[in-house]
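Please read the structure below before turning to the comments.
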Amino acid sequence: MALKHFLDLDVMTAPTLRDILTSSAKLKQGKGAGQPLAGRTLAMVFEKPSTRTRVSFQVGMQQLGGNVVTLSPQETQIGRGESIADTARVLSRYVDVIMMRTSAPEKLAELARYATVPVINGLTDESHPCQIMADIMTFEERKGDISNAVVAWSGDGNNVATSWIHACAHFGFELRLACPAGLPPSSKALAWAKDRGANVSVTTDPFTAAKDADCITTDTWVSMGDDAGNRHAMLQPFQVNEKLMATAKADAIFLHCLPAHRGEEVTAGVMDGPQSAVWDEAENRLHAQKGVLLWCLT
Ligand code: CP
Ligand code: NVA
């Protein structure tokens with residue numbers, strides 16, 4: 001049987017993603033408790049920093065009864081040039097599933113090609129699928145079925161934006177992306193989504209995107225590995241502030257994958273205000289990824 005990798009939302013099917021979220025919600029409610037992954041081990045490979053992904057995967061795996069080993073290039077032979085392919089072959093002899101956070105999506109693809117156990121994308125420069133599973137879970141907890149909703153992105157057309165684009169095609173919601181002309185969202189992801197009939201649009205005006213939206217979301221102006229350059233100046237007009245939130249529906253929610261920079265991509269008033277769902281969103285990384293782990297391993 002083919003390995004059940006969780007590499008990107010665009011290579012998943014919509015029913016599978018929905019099944020994972022259903023299972024995640026049950027796990028959050030304490031149903032299906034027990035130790036379904038007893039005796040199984042997750043290896044986490046981090047080539048970039050992480051707080052949420054690291055802790056939520058570790059705790060999630062432990063709650064499911066499994067074990068975790070965490071690796072970084074500096075303390076493994078990857079840092080001395082052992083190939084990803086050989087690392088994949090070796091790790092597969094010890095562990096049952098591998099999660100990797102890395103810059104190059106090609107490295108993740110190489111890991112998945114040579115691993116004989118499932119591989120999970122813990123973020124690359126191009127996407128962050130686990131994040132968007134948690135984001136959709138959070139949206140639906142607050143506002144119900146996302147399929148008829150409008151989600152507005154205001155900011156850098158980055159890796160997190162790409163996974164939102166993939167998600168809108170699968171889950172059927174309207175996605176409006178407001179990005180500076182110099183920091184557009186992935187044209188490949190947009191073409192993929194449009195091919196599937198997704199309702200996705202791109203503008204350089206955040207107020208056009210936010211009008212009557214059910215959710216406004218954004219991300220840091222400078223992602224891991226980016227040069228700050230003139231990003232702050234380019235992205236200032238895309239800040240999610242009280243005025244932009246007021247353009248959305250009165251009961252719209254604010255999401256941010258975190259870490260956040262108050263006073264940059266979001267004001268403290270929005271981040272810490274009544275419409276912010278960011279702490280539930282961070283918590284839901286745990287539940288959503290437990291669903292992903294169970295799907296990969298059962
Ligand atoms: N949102 C997110 O992935 O956070 P970390 O970088 O802390 O894992
Ligand atoms: N776009 C951000 C997301 C961090 C979780 C980054 O890649 O740094």
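The shown structure was predicted, so the numbers you read here are calculated from the model rather than taken from an experiment. All ligand and atom numbering here is 1-based and tracks the order in the structure. FYI, side chains are in, hydrogens and waters are out, and symmetry mates aren't considered; it's all heavy atoms of this structure.
- Judged by the shortest distance from any of its heavy atoms, Leu258 lies inside the 4.0 Å radius around the atoms of ligand 1.
- With values rounded to the nearest 0.5 angstrom, Asp226 atom CG is found 6.5 Å from Asp156 atom CG.
- Closest to atom 8 (O) of ligand 2 among all protein heavy atoms lies Met224 N, 2.8 Å.
- In terms of protein heavy-atom proximity, atom 3 (O) of ligand 1 is closest to His128 NE2, 2.8 Å.
- Ring centroid separation for the pair His261 and Trp221 does not come in under the 6.0 Å cut-off.
- Using a 4.5 Å heavy-atom threshold, the side chains of Thr162 and Asn159 count as separate.
- Polar contact with ligand 2: present for Asn159 (N/O pair, distance under 3.5 Å).
- Across all their heavy atoms, Asp227 and Val222 have their closest contact at C-CG1, 4.5 Å.
- Looking at Arg54 against ligand 1, nothing comes within 4.0 Å, counting heavy atoms.
- Checked against a 3.5 angstrom limit, the closest N/O atoms of Lys48 and ligand 2 fall outside it.
- Among all non-hydrogen protein atoms, the one lying nearest atom 3 (C) of ligand 2 is Asp219 OD2, 3.5 Å.
- Summarising the geometry, atom NZ belonging to Lys194 is positioned 9.0 Å from atom CD1 belonging to Ile165; distances are rounded to the nearest 0.5 Å.
- Looking at Leu258 against ligand 2, only its backbone comes within 4.0 Å, counting heavy atoms.
- For the pair Lys243 and Phe207, the cation sits on the ring face: its NZ or CZ lies under 6.0 Å from the ring centre, inside 45° of the axis.
- Heavy atoms from both the backbone and the side chain of Thr51 come within less than 4.0 Å of ligand 1.
- With Arg176 contributing its side chain and Ala209 its backbone, the two residues share a donor-acceptor pair below 3.5 Å.
- More than 12 heavy atoms of other residues, nucleotides or ligands shown are found within 6.0 angstrom of CG on Asp195.
- Contact atoms of ligand 1 toward Cys257: 1 (N) (distance under 4.0 Å to a heavy atom of the residue).
- For atom 4 (O) of ligand 1, the closest heavy atom belonging to the protein is Arg52 NE, 2.8 Å.
- Between His128 and ligand 2, no N or O atom pair is found at a separation short of 3.5 Å.
- The contact set between ligand 2 and Leu123, taken as ligand atoms under 4.0 Å from a residue heavy atom, comprises 3 (C), 4 (C), 5 (C), 7 (O).
- The shortest contact between atom 2 (C) of ligand 1 and any protein heavy atom is with Arg285 NH1, 3.2 Å.
- Both the sub-6.0 Å distance and the 45° axial angle are not jointly satisfied by Arg18 relative to the ring of Phe171.
- Heavy atoms of Arg101 approach ligand 1 to within less than 4.0 angstrom.
- Note that OG of Ser83 is 6.0 Å distant from CD of Glu110, once rounded to the nearest 0.5 Å.
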